[in-house]
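I have placed the structure first, in the form of structure tokens, so that the comments after it can refer back to it.
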Amino acid sequence: MIKRGPFRLDSTTITHRAVIAWKRRGSAEVKGQKHILYTPEHWYPDHLRDITLCSYDRVYAIFGDSDAHASNTGLSAVNQSAKMMPMIPIFETTLGRAYQGDCLEFLQSVESEVVDLAFADPPFNLGKKYSSGFHDKHEEEDYISWCKAWIDEMIRTLKPGGSLFLWNLPKWNLPLGAYVGEKLTFRHWISVDIKYSLPIRGRLYPSHYSLLYFVKGTKPTTFHPDRIPTPCCRHCGGELRDYGGYKDKMNPNGVNLSDVWTDIPPVRHAKYKKRDANALSLKLMDRIICMASDAGDLILDPFGGSGTTFVAAELNGRRWIGSELDCSTIVERFSDLKGDKEHLIDIHSSKNTLFTKTDLERRRKNGKPLPKAYRLKEDIASCDCSPKNEEQMKISF
Ligand SMILES: C[S@@+](CC[C@H](N)C(=O)[O-])C[C@H]1O[C@@H](n2cnc3c(N)ncnc32)[C@H](O)[C@@H]1O
């Protein structure tokens, strides 16, 4: 269930719109009173009359008795007289909460060592346009130091044995990976084969994103990578690799996952097209979440975007928290998860098996029965027991 504003803060009800106005302008008129958002950039000691403060990690509310506070110009003095309130999620489900606001502000509100899996897909400093109005072109040095600031916070929130994943262009993950490597244990640089620009003259064609995988401490608490189907011809369903006399050695549950992922499709679903072009594939987030977390674990993503991490976490029965400057797409997406559920059922039915149902069907149509040497019975692989309806979905995810 999704809850939206207005939210109740101390003795005043504050609308969601007012919270957004604070974020944008630093102040807003609410019920005729002057309310102020507190961040280190917005500090107006002369406005201490009837103010509502939102600090880095808490929302504070002060009402009335203005003179008593007017002389206080430091945060500590204000805190003593302020009523401390928790940060307000813009919406929540039974498993998760999304906060609309700056990632650093959000991260600093999260307790230390509570997160099992942290994932970040930040803006890549390419000058892209975001619906949130985020400015995506900074000096390289500034971009890296900003990244280091939220990475430090993510590391702090991770439990020992928890996993950190950073999604970025190789150019940025190179320095950022070196930085994280001083604090966490490096596990993998995963190359995800997705073409993201046109060929550039004088350069190799950029065709992979970097997914860095670290663990806090020496080994991960949870690590159970999916197995993937063997690649088959899209027309006849025949194997693209020849296993020769080793067919009987092939694990019927699929091939070992490597650190090069070539099977992550771009986001194509008609329903998602109106979303920001930066949305990640549900298959990618499902794979990461299923590999490094268990049901009930807590997943964190400070750059929610269209909410792919949150949806994958929710539908896989993980708890989740995260932030985003503009959560409108996330809220809209969560208002109808039918398409995402169907998509996830499809994703789940095509993993942890050596041949997908689709490939077995193609083979059958093209008169290519599965060689008996594979220890996989076609009738089992193509049986109809995968969850189809929502009720079954609840049980299986
Ligand atoms: C690359 S997109 C993330 C896409 C997301 N992984 C998905 O699958 O939809 C990066 C997002 O970070 C958000 N963002 C940028 N700066 C932010 C900040 N300081 N705090 C929170 N979110 C921020 C942008 O609005 C954008 O939606």
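Residue numbers start at 1 and run along the sequence shown. Each ligand, and each atom within it, is numbered from 1 in the order the structure gives. What you are looking at is a predicted structure, and each value in this text was computed from that prediction instead of being measured.
Taking every non-hydrogen atom of Asn278 and a distance limit under 4.0 Å, the qualifying atoms of ligand 1 come out as 1 (C), 4 (C). Numbered from 1 in the order shown, with element, the atoms of ligand 1 that lie under 4.0 Å from a heavy atom of Cys103 read 18 (C), 19 (N), 20 (N), 21 (C). Under a 4.0 Å criterion applied to the non-hydrogen atoms of Asp121, ligand 1 contributes the atoms 1 (C), 2 (S), 3 (C), 4 (C), 5 (C), 6 (N), 10 (C). Of all atoms in ligand 1, numbered sequentially from 1 with element shown, those under 4.0 Å from a heavy atom of Pro302 are 21 (C), 22 (N). Atoms of ligand 1 found under 4.0 Å from any heavy atom of Gly101 (numbered from 1 in listed order, with element): 20 (N), 21 (C). Taking every heavy atom of Thr308 and a limit of under 4.0 angstrom, the matching atoms of ligand 1 come to 7 (C), 8 (O), 9 (O). When each atom of ligand 1 is checked for a heavy atom of Leu280 under 4.0 Å away, the hits are 6 (N), 7 (C), 8 (O). Per-residue contacts place Asp102 under 4.0 angstrom from the following atoms of ligand 1 (heavy atoms of the residue considered): 18 (C), 19 (N), 20 (N).
Contact between Asp326 and ligand 1 is absent, with no heavy atom of the residue lying under 4.0 Å from the ligand.
Of the options Arg363, Arg362, Lys357, a side-chain hydrogen bond (donor to acceptor under 3.5 Å, both in side chains) to Asp359 is made by Arg362 and by none of the others. Between Trp320 and the choices Val311, Val115, Thr93, Leu117, the side chain to side chain contact (heavy atoms under 4.5 Å, CB included) rule is met once, by Thr93.
Of the polar atoms of Ser306, at least one N or O is found under 3.5 Å from an N or O of ligand 1, judged by distance alone. Between Pro122 and ligand 1, not a single N/O pair is under 3.5 Å apart. Taking any N or O of Ala279, backbone or side chain, none lies under 3.5 Å from an N or O belonging to ligand 1. Considering backbone and side-chain atoms alike, Trp146 places every N or O at 3.5 Å or more from each N or O of ligand 1.
Between Trp167 and Tyr209, the ring centre distance stays below 6.0 Å.
Ring pair Phe165/Tyr213 is parallel by interplanar angle, where below 30° counts as parallel and above 60° as perpendicular. The aromatic rings of Trp146 and Tyr143 are tilted relative to each other, their planes meeting at an angle between 30° and 60°.
Side-chain atoms of Lys368 never come within 3.5 Å of backbone atoms of Gly238 as a donor-acceptor pair (strictly under, hydrogens ignored). No donor-acceptor pair closer than 3.5 Å links the side chain of Asp340 to the backbone N or O of Leu337.
Side-chain atoms of Ser349 and Thr356, non-hydrogen and from C-beta on, never get closer than 4.5 Å to each other.
The cluster map of Ile, Leu, Val, Met, Phe, Trp and Tyr, joined by side-chain heavy atoms under 4.5 Å apart, puts Leu166 and Ile194 in the same cluster.
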